[in-house]
**Q** 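Here it is, the structure, as structure tokens.
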Amino acid sequence: MITRPSPRRQGFVWVVLAAAALVVSAGARESRASEAKGDLNLQLRLIETVPVRGSSGPSMTGLARIELLVDAFRQAREVQVAVERPDGTSWTFNGRPFNLRPDDWTDPGGEPLEPDGSGPVVPARGAIRTTIQVPLNGAMVHEIVVRVTALIGDETVTTEAYLTAALGVAPNLPVDDGTFATFSLQEVK
Amino acid sequence: MRYRGHLPAALAACAVALPAAANWTASGQFLYQHREWDPSGFTGVMTERPVRFADVEVFDPTKSRNKQHLAWGKTDANGNFDIAVVDSATRTIRIRVLTQTVQTTDLFVKVTTPGGSIYAVSPSDITSHAPTTNVDYGTMVAQAFTGAEAFNILDLGIFGADRVKVLTGSRPDSSKLVTFKWASNAGVSVSATSGSTVTLRDSAGYDDTVILHEWSHYVMNNYSKVTNPGGPHFLSDCNEDPRLSFDEARASYFGCSVRRSNGWPNANIYVRTDGGPGPGHALNYYDLEDPVQYFCPGDTSEVSNSHTMWDIGDGTETTDLTPGVDDDPPDALTLADFELWQVYTGPMKNLTYLTGEGFWDGWFDPTVANGNFAAMKDIWSYYAIEFWQDASEPNNTTATAPVLVPNDPQTHLTYFCDSNGDGKGEIDTDYFKFTTVSGQVYTIETLNLLSANDTYLELLDTNGTTVLASSNDRTAGDKSSKITWAAPRADSFYIRSKRASGGYTVYGSYDLKLSTP
């Protein structure tokens with residue numbers, strides 16, 4: 001027996017089809033275009049800022065735990081990480097250089113990398129991940145530049161990323177009441 | 001933010017209050033700090049620019065939200081505002097400038113946090129304000145790293161809207177409201193655009209060319225058509241999807257054209273920074289007039305495609321790194337951006353896939369008829385993007401097939417036919433004829449494919465119809481073709497070369513070689 005949908009049902013079907021057509025046409029009209037990347041790219045994520053127990057006041061100390069995600073267009077070898085200040089000087093703690101020891105590198109899913117004698121390798125169009133700890137000295141908003149250097153072919157390629165880590169002070173963020181995110185103007189003395 | 005000279009001015013204004021009516025005027029000027037940049041990143045120079053055409057609200061912050069509002073106004077092209085406030089109470093007053101343009105009837109731009117909050121900057125409250133006392137807030141400057149970025153983004157969006165007005169006669173209307181989403185701590189590491197929403201990387205608040213590039217995607221989403229598949233892409237990639245390479249190139253060209261049309265410096269430069277304070281911090285940049293940097297032959301590079309479109313309008317007047325010189329490469333064209341605009345918004349809207357060859361065809365489409373074939377060819381050929389007939393045309397039948405001689409130098413060809421000579425292409429099939437020696441092994445192959453080409457070779461018998469052998473992809477992942485064949489007799493045979501089915505383009509260039517061991 002052949003059954004036909006009722007007129008009302010047919011109307012519903014047409015509405016659904018029309019809606020689907022609209023979705024399809026809208027999808028064809030626009031796409032999620034993203035920003036072009038360089039040969040070597042670095043993303044930072046501040047995991048946390050941890051004060052050292054017992055330290056407080058303007059001279060308080062702490063650590064910024066930062067996750068690094070390095071990706072590359074072509075295979076990048078001998079990946080090295082350095083921490084700097086925005087003016088390009090090396091990051092120091094109590095006036096002295098500190099020994100940066102990144103955690104073991106993994107792939108983006110957290111799996112350990114295959115051992116390679118020359119250091120971490122970023123696969124072509126792939127990414128690797130690690131975490132670093134940066135010592136912080138003083139209650140302030142710390143401005144941190146992480147620089148990554150690698151060999152791509154025979155060429156040394158460098159990239160960097162910047163973030164801030166607030167230790168013992170409020171970060172420079174607006175007050176957001178859900179409608180307006182407000183920055184206060186400060187008076188010039 | 002820096003709040004410069006306002007409270008003393010306000011207090012002075014209070015002292016000379018006009019007691020005549022229970023109304024008062026709020027006036028002043030809002031500026032924002034702009035970080036100047038060049039190819040090396042930030043120069044270290046900060047300039048102050050007006051917050052233009054932004055909404056300004058006067059309100060009483062001590063009241064509940066639905067009773068706070070006192071008056072709306074807006075800044076003018078110089079950041080000045082002058083707002084008449086109807087008021088009858090002594091109260092605390094606050095003023096704020098917003099990253100929205102609701103008070104300007106033909107302007108639809110806003111900048112929000114990822115959660116949708118409009119950015120605002122406010123000076124200190126004025127307490128016990130009498131309802132007849134005018135307030136001159138003086139000049140207020142939103143500073144970098146504490147809100148100025150949002151006003152920089154707004155300003156670029158407004159400049160963009162005015163660019164659209166030049167091209168179309170009006171700014172984008174309310175149905176094309178553009179929303180920039182940005183925050184310094186949103187965790188967004190790659191800027192992207194979908195529909196009318198531009199989501200900016202946390203560190204992109206002063207990456208003016210990135211902002212205008214993404215804004216250009218919004219424009220094309222609303223005025224043209226987009227078939228960009230999206231996804232990660234790299235400036236060095238010479239083998240991008242042709243839909244992506246065209247769309248990204250168009251956005252780079254169009255964004256930089258806003259700067260060029262306003263006479264801003266470094267109009268030819270696309271720069272991406274890490275947003276850090278102080279000089280430098282460039283992550284990468286590219287120069288739309290440097291034919292060597294990121295050089296890729298063919299139309300599957302967003303950089304090469306952007307060079308071609310940029311060069312149509314580039315001239316000696318361009319505010320580039322070499323003012324007074326027409327660069328990349330020297331050419332005969334310095335045309336208005338409208339010539340490209342009418343291609344994007346005209347014939348290209350009818351295409352299934354928007355690619356570089358679609359732009360080329362649109363340029364010569366009778367509805368546009370932009371012409372200038374020789375000058376266009378000069379520009380495009382520099383990047384080995386060849387949307388024109390090869391020297392062997394017409395060879396679309398066995399009757400017109402040129403003779404190939406084994407082991408002669410390979411023949412350079414395009415799958416592009418222009419039978420009526422209007423510059424716009426037609427799908428092309430190339431025929432060649434060759435003479436065999438009985439028992440000789442011959443290799444027929446395509447090489448050096450460019451512009452997303454995908455060849456398909458057939459060996460035809462003497463009758464010109466019977467297919468003796470064929471080859472599509474030489475190997476998996478290699479879209480060139482190769483036939484190796486032993487001639488059964490001494491005779492004439494034919495080679496038929498055409499585009500393989502599928503893909504997003506129909507032209508492309510290649511070399512054809514006939515050889516014997």
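Residue numbering restarts at 1 for every chain, and letters A, B, ... go by the order of the sequence lines. Everything numeric here is computed off the predicted structure, so don't read it as measured data. Hydrogens, waters and symmetry mates are skipped; everything else that's a heavy atom, side chains included, is used.
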**Q** At a heavy-atom separation under 4.5 Å, does B:Tyr353 approach chain A through its side chain, its backbone, both, or neither?
**A**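 B:Tyr353 has no heavy atom closer than 4.5 Å to chain A.
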
**Q** Under a 4.5 Å heavy-atom cutoff, which of B:Glu214, B:Arg65, B:Lys349 has the most pairs with chain A?
**A** B:Arg65

**Q** Which heavy atom in B:His281 sits nearest to a heavy atom in A:Pro86, and how many Å separate them?
**A**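 Looking at all heavy atoms of both residues, the shortest contact is NE2-O, 3.2 Å.
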
**Q** As an exercise, state the distance from OG of B:Ser189 to NZ of A:Lys37, rounded to the nearest 0.5 Å.
**A**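 So the gap between those two atoms works out to 6.5 Å.
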
**Q** What part of B:Gln100 gets within 4.5 angstrom of chain A, counting heavy atoms only: side chain, backbone, both, or neither?
**A**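 The answer is neither part of B:Gln100.
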
**Q** Using heavy-atom distances under 4.5 Å, tell me whether B:Ser236 contacts chain A through its side chain, its backbone, both, or neither.
**A** both

**Q** Where do A:Asn41 and B:Arg272 land on the side-chain contact (heavy atoms from CB on, under 4.5 Å) test, with the steps shown first?
**A** CA-CA 11 Å; A:Asn41 306 282; B:Arg272 184 170 186 254; 3.9 Å; yes

**Q** Which atoms of B:Leu98 come close to chain A, meaning under 4.5 Å heavy atom to heavy atom: side chain ones, backbone ones, both, or neither?
**A**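 Looking at B:Leu98, just its side chain touches chain A.
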
**Q** So which part of B:Asp237 gets closer than 4.5 Å to some heavy atom of chain A, the side chain, the backbone, both or neither?
**A** both

**Q** Would you say CG of A:Asn94 has more than 12 non-hydrogen atoms from neighbouring residues, nucleotides or ligands within 6.0 angstrom?
**A**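 It does: A:Asn94 CG has more than 12 such atoms within range.
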
**Q** side-chain contact (heavy atoms from CB on, under 4.5 Å), that's the test. Do B:Phe234 and A:Arg125 meet it? Break it down for me.
**A** CA-CA 9 Å; B:Phe234 301 85; A:Arg125 294 177 182 272; 4.0 Å; yes

**Q** Using a heavy-atom distance cut-off of less than 4.5 Å, which residues of residues 165-178 of chain A contact chain B?
**A** A:Asn172, A:Leu173, A:Pro174, A:Asp176, A:Asp177, A:Gly178

**Q** Please flag which part of B:Tyr218 lies under 4.5 Å from any non-hydrogen atom of chain A: side chain, backbone, both or neither.
**A**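 Neither part; nothing is under 4.5 Å.
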
**Q** Answer with side chain, backbone, both or neither: which region of A:Glu160 has an atom nearer than 4.5 Å to a non-hydrogen atom of chain B?
**A** both

**Q** Using a 4.5 angstrom heavy-atom cutoff, name the option from B:Arg96, B:His213, B:Glu302 with the most pairs to chain A.
**A** B:Arg96

**Q** Using every non-hydrogen atom in the two residues, find where B:Leu235 and A:Ala36 come nearest and quote the distance to one decimal.
**A** CD2-CB, 3.7 Å

**Q** Name the region of B:His217, side chain, backbone, both or neither, that has any atom closer than 4.5 Å to a heavy atom of chain A.
**A**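 Only the side chain of B:His217 comes within 4.5 Å of chain A.
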
**Q** Go through the structure and list residues passing ring pair (Phe, Tyr, Trp, His ring centres under 6.0 Å) with A:Phe180, not counting sequence neighbours.
**A**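 Here no residue qualifies.
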
**Q** Which residues in residues 63-75 of chain A have a heavy atom less than 4.5 Å from any heavy atom of chain B?
**A** A:Asp71, A:Ala72, A:Phe73, A:Arg74

**Q** Non-hydrogen atoms of chain A under 4.5 Å away: do they reach the side chain of B:Ser184, the backbone, both or neither?
**A**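 The answer is the side chain of B:Ser184.
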
**Q** Using a heavy-atom distance cut-off of less than 4.5 Å, which residues of residues 145-155 of chain A contact chain B?
**A**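 Interface residues of residues 145-155 of chain A: A:Val145.
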
**Q** Where on B:Asn284 is there a heavy atom nearer than 4.5 Å to chain A: the side chain, the backbone, both, or neither?
**A**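 It is the side chain, since no backbone atom gets that close.
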
**Q** Given heavy-atom pairs under 4.5 angstrom as the criterion, report whether the side chain, backbone, both or neither of B:Val210 touches chain A.
**A** side chain

**Q** On a heavy-atom basis, which atom in A:Leu185 and which in B:Pro123 lie closest, and how many Å separate them?
**A** CD1-N, 3.5 Å

**Q** For the side chain of A:Ser34 and the backbone of B:Ala192, is there at least one donor-acceptor N/O pair under 3.5 Å apart?
**A** no

**Q** Above 12 or not: heavy atoms from other molecules or residues under 6.0 Å from CD of A:Glu114?
**A** no

**Q** Rounded at 0.5 Å granularity, tell me how far CG in A:Leu163 sits from CG in B:Asn185.
**A** 11.5 Å

